S.K.: 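Would you mind keeping the following structure in view while I ask a few things?
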Protein chains: 2
Amino acid sequence: MKSGGVAEKPMAEKQAEEKSTGRARGIDRVIALMEHLHSRRAPTRIADIARDTGTPRSTMYELVNTLVEARWLELRDGDGTVYFGPAMHYYGSDYLDSVDLIRKARVEVAHIAETVGETAQFCTLEGDKYLVVLNEPGRRMFRISSEIGIKVPIPWTASGRLLVDHMSADEILRFIPPDDFVLPDGRRIAQDEFLEDIRRARTQEYVRTTALVDRFTTCLAAPVRDPAGRCIATICFVVPADTTEEAQQVMIDTLKASAERLSPGR
Amino acid sequence: MKSGGVAEKPMAEKQAEEKSTGRARGIDRVIALMEHLHSRRAPTRIADIARDTGTPRSTMYELVNTLVEARWLELRDGDGTVYFGPAMHYYGSDYLDSVDLIRKARVEVAHIAETVGETAQFCTLEGDKYLVVLNEPGRRMFRISSEIGIKVPIPWTASGRLLVDHMSADEILRFIPPDDFVLPDGRRIAQDEFLEDIRRARTQEYVRTTALVDRFTTCLAAPVRDPAGRCIATICFVVPADTTEEAQQVMIDTLKASAERLSPGR
DNA sequence: ACCGTTTGTCCGAAATATCGGACGTTATTC
DNA sequence: GAATAACGTCCGATATTTCGGACAAACGGT
């Protein structure tokens, strides 16, 4: 077997079965299936999906067949594993084109990633989590797998500090789940430093963070604001921490210009 | 109402109901729903979707609610219309990243679109139709709406001439539905000219077409070939027909270089 | 202001899709 | 090479989801 074998993630079937009986609608099982694939982000064997989503095996086989036929899913490798199919890309592209801000952001992100040569992203909030919506790898491309659509705690990111800057300190601390201040390596982000970052961000109109999620990475982010001045999204660079200060200043100016162009109603 | 009102497309419910009774599984209704949205490529009212897909109204409302909750769909405008939601983008991105050739093609297409400044695309065959998989608008950006995932007759395109160049003349004419030689404006593409285009393409390793689908547009395409020499995809530019010959030569060279880099096993 | 049309919700009935388990086949382990 | 585990398919029963139609509210044209 090429993938790491049996995964032990007992979190996927949260709401797989909520009522009393184990029986569920096909569509609900399909939604659980797709969410599971997205969270694993790798081709997965059908039996594993069935187990991890709490779906009966026979049902899962039946549904997967249907979805493969519709090209929502694709059989991968020898066979035995499935992953997303081309139909998802088509529908996803339709979504991107249908949202004005995202369509414009795509142009900006592609442009600055190409000209600067570093990975650029466009991010928003979804609920109380931070989310990468667009990702354009730079020439370096040291991070291969996309994080698009993966929810991340707000304090882990530079953009997160901008996306909550319309709230008061109290509101912010009530808004963000306390556990989200703990980084993947176990370090805890001090709340007062976090709030100070946000305060500074409001005047500087950009945020820089270093060695947060990843020890050797710096994030630079600028806010996209609605006419009321509220940060509705961010555009950012993800660069090696040893990037020179001058280069970073250029990037910050680039980000501010792009963010300005993206801010609606100007 | 902002859209053209009631649409009269009696083709969407092809296989909406195939058996005898009108009853169908939820998942099949959802697949029909998504395909319908993709073919319309615009936010659509729920009742219209129900009618055009042959789904009972009450069923469609039920399903749409479920899908909106899962963020597969989004309510648009005031309300009343639905379209694809962010989840489709996330799943679609996962698909793009999971296919090696497409992941590489994304880099190439973005790069040449940025440097040349014209719209670049990456295309393949799906069944007997041509299909845009990636589309990166140039600076001009005169065509806004994406055609990603929309099936187009092979003879209408420059890329199509490359994608069938491994077949004999007979095979090609058997492969392409006869109606596909008729352009949107009613003109008919002569089969011998079409075959001659393909023959020339094989030696030149690129194709140029002008004023085919669109009177003022020229397409330039180069083949991505597998180790056996078979064209498995194309990379192309879509430019105004009055682009100078010198500029077009530069683009052809650019395409050939990119196509070469994308061709597996070299 | 009137009236016809459309929207969105609710309900009971019944057609059927989901489920569990069994079975033959293929892969993996020792 | 035998034993064990996993894979994928099939089948009948029943719990459930789909469906049609009815209804109130909102809309829109005259």
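Just so it is clear, the structure is predicted and the values come from calculations on it, not from any experiment. Per chain, numbering begins at 1; letters A, B, ... match sequence-line order.
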S.K.: Whole-Å distance between dT9(D) P and Met60(A) CE?
M.R.: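 About 14 Å, once rounded to whole Å.
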S.K.: Please give, in whole Å, the distance from dG20(C) P to Tyr61(A) OH?
M.R.: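 Spelled out: OH on Tyr61(A) to P on dG20(C) is 16 Å.
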S.K.: What is the per-nucleotide protein-contact pattern of nucleotides 17-23 of chain D, from the 5' end, where B denotes a base atom under 4.0 Å from a protein heavy atom, S denotes such proximity for sugar-phosphate atoms only, and - denotes neither?
M.R.: BBBBBB-
S.K.: Under a 3.5 Å cutoff, is there a donor and acceptor pairing between the side chains of Thr55(A) and Thr53(A)?
M.R.: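 Indeed, the side chains of Thr55(A) and Thr53(A) share at least one donor-acceptor pair under 3.5 Å.
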S.K.: Salt bridge or not between Lys129(B) and Asp180(B)? Use side-chain N to carboxylate O under 4.0 Å.
M.R.: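 Looking at Lys129(B) and Asp180(B), the cut-off is met.
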S.K.: Is any side-chain N of the basic residue among Arg103(A) and Glu108(A) closer than 4.0 Å to the acidic one's carboxylate O?
M.R.: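 No, this pair does not count.
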S.K.: Using C1' atoms of five pairs at each end, report the bend of the helix from dA1(C)-dT30(D) to dC30(C)-dG1(D) rounded to 10 degrees.
M.R.: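 Both end axes considered, the difference amounts to 60°.
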S.K.: Report the relative orientation of the aromatic rings in Tyr91(A) and Trp72(A); use parallel for angles under 30°, tilted for 30 to 60°, perpendicular for over 60°.
M.R.: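 Perpendicular: the ring planes of Tyr91(A) and Trp72(A) meet at over 60°.
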S.K.: When the distance from CG of Asn65(B) to P of dT9(C) is rounded to whole Å, what number comes out?
M.R.: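 Roughly 6 Å, once rounded to whole Å.
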S.K.: Within this structure, what is the CG-to-P distance between Asp48(A) and dA5(D), rounded to whole angstrom?
M.R.: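 Those two atoms, CG and P, are 17 Å apart.
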S.K.: Do NZ/NE/NH1/NH2 and the carboxylate oxygens of Asp165(A) and Arg161(A) come within less than 4.0 Å?
M.R.: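 Answer for the salt bridge query: no.
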S.K.: For the pair Phe84(A) and His38(A), name the ring-plane relationship: parallel under 30°, tilted 30 to 60°, perpendicular over 60°.
M.R.: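 Because their plane-to-plane angle is over 60°, the rings of Phe84(A) and His38(A) count as perpendicular.
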S.K.: Of all residues at least two apart in sequence or in a different chain, which pass the salt bridge (charged side-chain N to carboxylate O under 4.0 Å, His left out) check with Glu136(A)?
M.R.: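 For Glu136(A), no residue satisfies salt bridge (charged side-chain N to carboxylate O under 4.0 Å, His left out) once neighbours in sequence are set aside.
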S.K.: How close or far is atom P of dT5(C) from atom CZ of Arg45(B), stated in whole angstroms?
M.R.: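 It works out to 15 Å between those atoms.
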S.K.: Check whether Thr44(A) reaches the backbone of Ala42(A) with its side chain - one donor and one acceptor, N or O, closer than 3.5 Å.
M.R.: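 Yes; judged by distance alone, with no hydrogens or angles, the pair exists.
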S.K.: Find the distance Ile46(A):CD1 to dA27(C):C1' and express it as a whole number of Å.
M.R.: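 Between C1' of dA27(C) and CD1 of Ile46(A): 16 Å.
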